Protein chains: 2
Amino acid sequence: MQIFASPQTSTAEDIVAELTEAVHEHRLQPGMKLREDEVAEIFGVSRTVVRQALRAMSHEGLVAIERNRGAFVAKPTIKEAREVFEARTLLEPQTARAAAERATSEDIAALERHIENEHAAIDMGNAGLALKLSGLFHLEIARIANQRTIEAFAQQLVSRSSLVIALYWQRRGALCESHAHHALMNAFRRQDPDSAEELMKGHLLDLISQLDLRDKPSESASLKDALKK
Amino acid sequence: MQIFASPQTSTAEDIVAELTEAVHEHRLQPGMKLREDEVAEIFGVSRTVVRQALRAMSHEGLVAIERNRGAFVAKPTIKEAREVFEARTLLEPQTARAAAERATSEDIAALERHIENEHAAIDMGNAGLALKLSGLFHLEIARIANQRTIEAFAQQLVSRSSLVIALYWQRRGALCESHAHHALMNAFRRQDPDSAEELMKGHLLDLISQLDLRDKPSESASLKDALKK
DNA sequence: CGAGCAAAAATTGTATACAATTTGCCTTGG
DNA sequence: CCAAGGCAAATTGTATACAATTTTTGCTCG
């Protein structure tokens, strides 16, 4: 399967960006192997640069590197999935509040365009694109809040959320409703930090509620437990 | 100046760990250059491995890599310094709460030993060691809370805090009082999450208040502003 | 026919060689 | 004497070669 276009030479950052985008759009799925030679040929660089990219992504939790075995798209466990959304619940509501306090009319216009794109992606049935845009919306808010450090954390968490969704989303076809995004944007427009914070909190809880994060026997920590009658 | 012991062969992780420890103890100071050859010789590996380590640290915000110019210990700006502690204020109080709910008697014993070590370091006048231990105390709490994801964020934030302290601490000689750490541990012992959360919040605010984060003309964002009469 | 083992192929880990870029110094001309 | 230009040294960026490890293949033997 041809997943990427083939440019000539790329930097490690380019490769990270493209691979990350592919994860966001669920073209790269959890567990897929990323062979260095293969990636190197696709991007027209040597393995040296590919390794930089893969190590960077492993540091973001998007890729799992097993020594002498290679790099794989990460497969977050249920515990990790919970942690990702718990961290988001700590960071993003407050960030939305800060963004609501700072948002300029340009910021709001950008958000509005963004939501339009989300709708367009859903209408044309491009679920992968819709999912990616949905994640980017959250990053845009972090950007507006002007908190680079938290933005970097959010970026990592949103990316990992894509993996969590790929693994644990319940109703496969159903809605990635940008309804909540609309409500958030309106709170920004009203310069209403309290609402923005609450809406973000609710939005995240809503997302979590649509995941199936019940413990499964296969994830049981100990072999002994698994063999219990 | 001889900063490191010289072992034979090390992994990239070893190098990250040693360099990070040196940052924590203020043996490596903001702005110092980290030449690849030099580090490679010290650790007895090739530049390949050193580059892995330096790139990992740059991703953590501990090292700044300038293209074709090399790696330097990062020099957080005042804005970054504020962001680091704002992020800590979002994450750590809640984490302390979670830790207070989960802490076992072994956890508390470990914290107690840790605080003793902090006192010992202060008594023997080893400010660098005391500073490092002070940071590790916060990481120990994240570990007790059993939140790997947040622990990773906290690790990065604590490391960057060491750089911030190196740059912006006001009274050079004065106290890194582990007083607040004692109070936190007692809250854990009482299984008092509310207190733990409040104490951590207050502790962080206290730390921030001892930094000099006033804007300085030299940090003016634009050259144009700087040249204005 | 399947289990076990051994050799071969494939893949990753590390070091080194070479290219590209920057930095410092020295020369030269005003 | 100072500024500008350019050459040389030092340093980083990338590719490649080689070593170590894992995975696959295919054979033998039960």
Side-chain angles (χ1 to χ4, degrees), chain A residues 1-20 22-23 28-75, chain B residues 1 3-20 22-23 28-75 223:
Chain A
M1 176 171 49
Q2 177 84 8
I3 297 189
F4 300 103
S6 40
Q8 43 274 28
T9 73
S10 319
T11 69
E13 284 70 36
D14 293 334
I15 297 174
V16 169
E18 285 220 38
L19 292 179
T20 301
V23 167
L28 278 178
Q29 291 178 9
M32 274 189 177
K33 171 138 201 200
L34 300 167
R35 280 198 308 109
E36 297 177 355
D37 279 340
E38 199 175 346
V39 179
E41 194 176 20
I42 289 172
F43 287 94
V45 292
S46 78
R47 280 174 53 216
T48 310
V49 183
V50 173
R51 297 190 107 240
Q52 284 178 26
L54 292 177
R55 288 188 81 92
M57 290 179 76
S58 90
H59 207 270
E60 291 256 306
L62 276 182
V63 158
I65 292 179
E66 301 176 31
R67 186 160 220 277
N68 284 319
R69 298 214 40 246
F72 305 82
V73 179
K75 291 206 311 192
Chain B
M1 177 171 48
I3 297 188
F4 300 102
S6 40
Q8 42 275 27
T9 73
S10 319
T11 69
E13 284 69 37
D14 293 335
I15 298 174
V16 169
E18 285 221 38
L19 292 178
T20 300
V23 168
L28 278 177
Q29 291 178 9
M32 274 189 177
K33 171 139 203 197
L34 301 167
R35 278 198 311 107
E36 296 177 356
D37 277 336
E38 198 175 347
V39 179
E41 194 176 21
I42 290 172
F43 287 95
V45 292
S46 76
R47 279 175 53 217
T48 309
V49 183
V50 173
R51 297 189 107 238
Q52 283 178 28
L54 292 176
R55 288 188 80 94
M57 291 180 77
S58 89
H59 206 271
E60 292 256 306
L62 275 182
V63 157
I65 292 180
E66 300 176 31
R67 184 159 220 277
N68 285 318
R69 294 203 9 124
F72 304 82
V73 179
K75 291 205 313 190
L223 178 62

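Model, not experiment: these values are computed from the prediction. Naming convention: chains lettered A, B, ... in sequence-line order (proteins, then strands); numbering from 1 in each chain. Values below: all heavy atoms of this structure, side chains included; hydrogens, waters and symmetry mates excluded.
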For the pair made of [atom1] in [X] and [atom2] in [N], what is the distance, rounded to whole Å?
{"X": "Asp14(B)", "N": "dT14(C)", "atom1": "CG", "atom2": "P", "value": "11 Å"}
{"X": "Glu41(B)", "N": "dA15(C)", "atom1": "CD", "atom2": "C1'", "value": "15 Å"}
{"X": "Asp37(A)", "N": "dA10(C)", "atom1": "CG", "atom2": "C1'", "value": "9 Å"}
{"X": "Glu66(A)", "N": "dT11(C)", "atom1": "CD", "atom2": "P", "value": "16 Å"}
{"X": "Arg69(B)", "N": "dG24(C)", "atom1": "CZ", "atom2": "C1'", "value": "13 Å"}
{"X": "Ile65(A)", "N": "dT14(C)", "atom1": "CD1", "atom2": "P", "value": "11 Å"}
{"X": "Phe43(B)", "N": "dA15(C)", "atom1": "CZ", "atom2": "C1'", "value": "18 Å"}

Nearest-0.5 Å distance, [atom1] of residue [X] to [atom2] of residue [Y]:
{"X": "Met57(A)", "Y": "Leu34(A)", "atom1": "CE", "atom2": "CG", "answer": "7.0 Å"}
{"X": "Gln52(B)", "Y": "Arg55(A)", "atom1": "CD", "atom2": "CZ", "answer": "3.5 Å"}
{"X": "Ile42(B)", "Y": "Ile15(B)", "atom1": "CD1", "atom2": "CD1", "answer": "10.0 Å"}
{"X": "Leu54(B)", "Y": "Arg35(B)", "atom1": "CG", "atom2": "CZ", "answer": "12.0 Å"}
{"X": "His59(A)", "Y": "His59(B)", "atom1": "NE2", "atom2": "NE2", "answer": "7.0 Å"}

Only distances under 3.5 Å count here; give the side-chain donor-acceptor pairs of residues 60-75 of chain B to other protein atoms, sequence neighbours excluded, each with its distance to 0.1 Å.
residue	atom	partner	partner atom	Å
Glu66(B)	OE1	Arg69(B)	NE	3.1

Short side-chain N/O contact from Arg67(A) to OP1 or OP2 of dT11(C), under 4.0 Å: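 No.
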side-chain N/O Ser46(A) vs dA15(D) OP1/OP2, d < 4.0 Å: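 Answer yes for this pair, as a side-chain N or O of Ser46(A) is under 4.0 Å from OP1 or OP2.
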Given [options], which nucleotide is nearest the side-chain atoms of [X]?
{"X": "Gln52(B)", "options": "dA15(C), dT14(C), dT14(D)", "answer": "dT14(C)"}
{"X": "Val45(B)", "options": "dT22(D), dA15(C), dT22(C)", "answer": "dA15(C)"}
{"X": "Lys33(A)", "options": "dT12(C), dT14(C), dT12(D)", "answer": "dT12(C)"}

Residue whose closest nucleotide on DNA chain C lies nearer the 5' end, Gly70(A) versus Thr48(A):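 Its nearest nucleotide lies further toward 5', so the answer is Gly70(A).
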Sugar-phosphate only, base, or nothing, as touched by Arg35(A) at under 4.0 Å among non-hydrogen atoms: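 Touches sugar-phosphate only.
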Closest-nucleotide ordering on DNA chain D, the 5'-leading residue of Asn68(B) and Arg47(A):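 Looking at the nearest nucleotide for each, Asn68(B) comes out on the 5' side.
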Close approaches to DNA chain D from residues 54-64 of chain B, in residue order (heavy atom, under 4.0 Å):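 Result for residues 54-64 of chain B: none.
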Glu41(B): side-chain contact (heavy atoms from CB on, under 4.5 Å) partners, not counting sequence neighbours: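 Partners of Glu41(B) under the side-chain contact (heavy atoms from CB on, under 4.5 Å) test: none.
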